[in-house]
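Note on naming: letters A, B, ... go to the chains in the order of the sequence lines (proteins, then strands), and numbering restarts at 1 for each one.
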Number of protein chains: 2
Amino acid sequence: MKTLKIPEATIIRLSVYSRYLAQVDRQGVVTISSGQIAAGTGVSPAQVRKDLAYFGEFGTRGVGYSVKDLYWHLIKILGLNTIWSVVIIGAGNLGTALTMYGGFRERGFKVVGVFDNAPDKIGSYLNGLEIYPMERMKEVIDRDKAQIAIIAVPAEAAQAVADELAETEIKAILNFAPRVLNIPSHIELRNVDLSVNLEILTFNLASRRSLKTGK
Amino acid sequence: MKTLKIPEATIIRLSVYSRYLAQVDRQGVVTISSGQIAAGTGVSPAQVRKDLAYFGEFGTRGVGYSVKDLYWHLIKILGLNTIWSVVIIGAGNLGTALTMYGGFRERGFKVVGVFDNAPDKIGSYLNGLEIYPMERMKEVIDRDKAQIAIIAVPAEAAQAVADELAETEIKAILNFAPRVLNIPSHIELRNVDLSVNLEILTFNLASRRSLKTGK
DNA sequence: GAGCCTTTGTGAATATAATAATTAGCTTTC
DNA sequence: GAAAGCTAATTATTATATTCACAAAGGCTC
């Protein structure tokens, strides 16, 4: 085992490559070169080969890569060769959208529970899944062996939810609340801040503008 | 003007710092040190100071930073001291959620138009905003001087939307569709792939597991 | 106001990642 | 079956980002 520090940027790209491979596979392409993958995903060919090299040798020189083979290797590497059970905490706009989002299902994620504590939401259905009160979270996580939790509650409520999750068997948390969370180190944490992404754009626009006006 | 290559990671952190400062400001904190900011946002104190140093000297030695002052400096740097008009393309689950999302409004983003071409959606309202057919996109962007577009359509439709946007005055695109987009270089592009974020988690879980089992 | 404490700002050192250049290996062609 | 042409794998180089360590500067105490 030589999993010696894979850059996170590499993992992100592997995920993008795998999705691109699925696409060209559907189009009937059998073999593909690093250069073609690079063109299709907006990176350099050297980068593609370097990323793959962390995990083994998947291609044949002079030929390229088998689309199907490489795809499955990447799926395996990303841990997507099994179905992951996910719970979503918060059934507001974002929580609802994430629950319904087809992109997750496509990649092997199965939402097994949605929780909220707004009385008007509890009991209604999303995608055939009943919204449960927060109190039932632990029970469902336990019953369905959910390993991943998605936090989609308002910022103020996020830490309390994280504390509750810390007492369950949850292995990883994807946090959409714009708040830094404190969680025990055995739980993987990843933050997605939707506003940050817009703000990177505005920073670029703003500084480009100030460049043009010379100040 | 010496805006010589600011790392993107720095911009992301500035955005996080600013949100944290808003939070402690509401709690009445007047002065704060780099160490406290670091503790509150999960980075190192040196990193905080280095990030700020790209843009000037905002603190006083021996004391720290004025919470309010630093906050406004960051808001200005991020380009958030003005209101940005945003259009959202796609009124599916994600598009709807983003339109309703309060986090954007909080940071100075104003959604001025939502577009879709599903007949059952056109004409209905989101947050007091009527969903228009795609054909009216250019007209609205022009009328409201929208500078940012958010793509929230299925992957297959994303490139066509991008092509249409390229013919407008849009300055930046935030793309939620899991597809690499081809756009002219004068438009800023940023991709947010929700599945990728889950897959980074599963990669970590999967490789951690394989570490434990020794293979 | 001298000395001590604190915290910033920064240049140097370290670590990390991306790019470029090289080597190795498979295929096809004649 | 040798040579030419591709393309993967690997190594070296360059660029980028983070951490470290300390000098400079403000405030506080006595």
Is there a side-chain polar atom (N or O) of A/S34 under 4.0 Å from OP1 or OP2 of D/dT7?
no
Check this one for me: any side-chain N or O of B/R49 less than 4.0 Å away from OP1 or OP2 of C/dT8?
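Yes, B/R49 has a side-chain N/O under 4.0 Å of OP1/OP2 on C/dT8.
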Any residue meeting side-chain contact (heavy atoms from CB on, under 4.5 Å) with B/A155, in chain and number order, not counting sequence neighbours:
B/P178, B/R179
Contacts of B/N93 meeting side-chain contact (heavy atoms from CB on, under 4.5 Å) (sequence neighbours excluded), chain-then-number -> A/A97, A/M100
Quick one: [X] [atom1] to [N] [atom2], roughly how many Å, whole number?
| X | N | atom1 | atom2 | value |
| --- | --- | --- | --- | --- |
| A/H73 | D/dA9 | NE2 | P | 11 Å |
| B/L70 | C/dT8 | CG | P | 10 Å |
| A/F58 | D/dA8 | CZ | C1' | 12 Å |
| B/I32 | C/dT6 | CD1 | P | 18 Å |

Report the residues that fulfil side-chain hydrogen bond (donor to acceptor under 3.5 Å, both in side chains) with A/D193, sequence neighbours left out, ordered by chain and then residue number.
B/R19
Using only atom types and a distance under 3.5 Å, with no angle test, would you say the side chain of [X] pairs donor to acceptor with the backbone of [Y]?
| X | Y | answer |
| --- | --- | --- |
| A/S66 | A/D69 | yes |
| B/S85 | B/K110 | no |
| A/N127 | A/L129 | no |

Parallel, tilted or perpendicular, as decided by the 30° and 60° cut-offs, for the rings of A/H73 and A/F58:
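Tilted, since the angle between the ring planes falls between 30° and 60°.
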Treating primed atoms plus P, OP1 and OP2 as sugar-phosphate and everything else as base, which nucleotides of nucleotides 13-18 of chain C get B, S or - for protein heavy atoms under 4.0 Å?
----SS
How does each nucleotide of nucleotides 23-30 of chain D score, in 5' to 3' order, for protein heavy atoms under 4.0 Å: base (B), sugar-phosphate only (S), or none (-)?
-BBSS---
Can you give me every donor-acceptor pair (side chain of residues 38-46 of chain A, partner residue at least two apart or in another chain, under 3.5 Å) with its distance?
from, atom 1, to, atom 2, distance (Å)
A/T41, OG1, A/I37, O, 2.8
A/S44, OG, A/Q47, N, 3.1

Residue met sooner reading DNA chain C from 5', once A/A46 and B/S33 are mapped to nucleotides
B/S33
